Amino acid sequence: MNNEIKKNILDQIEEARQYIEAKIKIKPQLGIVLGSGLGELAEEVEDAVVIKYEDIPYFKTSTVAGHDGSLIIGKFRDRNVIMMKGRVHFYEGYSMQEITFPTRVMKAMGITKLIVTNAAGAVNKEFSEGELMIINDHINMLGLNPLIGKNFDELGDRFPDMTNQYDKKFIQIAQDTANKLDIHIKHGVYAYMSGPSYETTAEVNMLRILGADAVGMSTVPEVIVAKHSCISILGISCITNMAAGILDIPLDHEAVIEVSNRVKDKFKTLVRGIVDEI
Ligand code: HPA
């Protein structure tokens, strides 16, 4: 993206938007990003148009096992939705602008609301594996920001506010829905680390001191870009493991996928309920 001979981002967004819109008949209002192991919800989209990331201009493809890469556009709970089954990450070698490009395109297609989901490790020792967490706030540990570079005023403000980037009304809806469905849910602060190595014990201790409850390797760049784009955001983490050093066991990706698979029915029930109210 920072290659000078490439078109500017506005042209790229427009090209991707036109490519997708030529294949669909509806106008999506709600975007849902499905993180590791949580992609099954996409199977519930009716009249679904599925478009692989690799076919969409300027979209990057995931290089990680368990991370699909397709857009699923159609009706879900009577709403026009666009689901992202899988996302690309900074640790895969893509730029901040590249990993957030799909968010820009969803905005150009007309979404005003976005639900982002991820797998995360618990930093808060009161949390347990298999729980869900509403993201109340985040800490960006990277020292990098997807908005660095020329600002296009058409896309958003140069200095966007981040005080309420996770919409308070949506947080309340998520909590009320969880109560109604008898789903136990936590609230917390998500710390964004680059990965791909898991954190050290010292890093997890540091994150706890800084006020984090969970840690993961995604979501924050797209939330920053969504807020820049004036999209209202809800974030939900699936706590797949206790973060490094809390238990005396090594972390591995298979275990993360295994737990998110175990939690997926609860997760799907919650998201269905939230979408009905949001
Ligand atoms: N750390 C970072 N990312 C993660 C973790 C973790 O412990 N679990 C799932 N994603």
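Quick note: numbers below take in every heavy atom, side chains included, and nothing from hydrogens, waters or symmetry partners. For the single chain, residues carry numbers from 1 onward in sequence order. For ligands, and for the atoms within them, numbers begin at 1 and follow the listed sequence. Note that the structure is a prediction, hence the values are computed from the model and not measured.
- Of all the atoms in ligand 1, the ones that sit under 4.0 Å from a non-hydrogen atom of G216 are 2 (C), 3 (N).
- Of the heavy atoms in A244, none comes closer than 4.0 Å to ligand 1.
- Looking only at heavy atoms of the protein, atom 4 (C) of ligand 1 is closest to V215 O, 3.8 Å.
- Of all the atoms in ligand 1, the ones that sit under 4.0 Å from a non-hydrogen atom of T240 are 8 (N), 9 (C).
- Not counting sequence neighbours, F127 has no partner by the ring pair (Phe, Tyr, Trp, His ring centres under 6.0 Å) test.
- Taking only nitrogen or oxygen atoms, main chain and side chain alike, Y198 does not reach within less than 3.5 Å of ligand 1.
- Within ligand 1, the atoms closer than 4.0 Å to a non-hydrogen atom of G121 are 5 (C), 6 (C), 7 (O), 8 (N), 9 (C), numbered from 1 in the order shown.
- A side-chain hydrogen bond (donor to acceptor under 3.5 Å, both in side chains) with R104 is found for one member of Q97, H228, Q12 and no other, namely H228.
- Interface atoms of ligand 1 facing A119, defined by a heavy-atom separation under 4.0 Å, are 9 (C), 10 (N).
- Note: N118 CG to Y190 OH = 4.0 Å, rounded to the nearest 0.5 Å.
- Looking at R87 and T219, their side chains do bring a donor and an acceptor atom within 3.5 Å of each other.
- Nearest protein neighbour of atom 7 (O) of ligand 1, counting heavy atoms only, is N241 ND2, 2.9 Å.
- In this structure, CD1 in I32 is found 8.5 Å from OG1 in T117, a value given to the nearest 0.5 Å.
- Under a 4.0 Å criterion applied to the non-hydrogen atoms of E199, ligand 1 contributes the atoms 1 (N), 2 (C), 6 (C), 7 (O).
- When the shell of 6.0 Å around CG of D78 is examined, it contains 12 or fewer heavy atoms from other residues, nucleotides or ligands.
- Between F59 and Y53, the two ring planes are tilted [angle within 30° to 60°].
- Using a 4.0 Å cut-off between heavy atoms, M193 makes no contact with ligand 1 at all.
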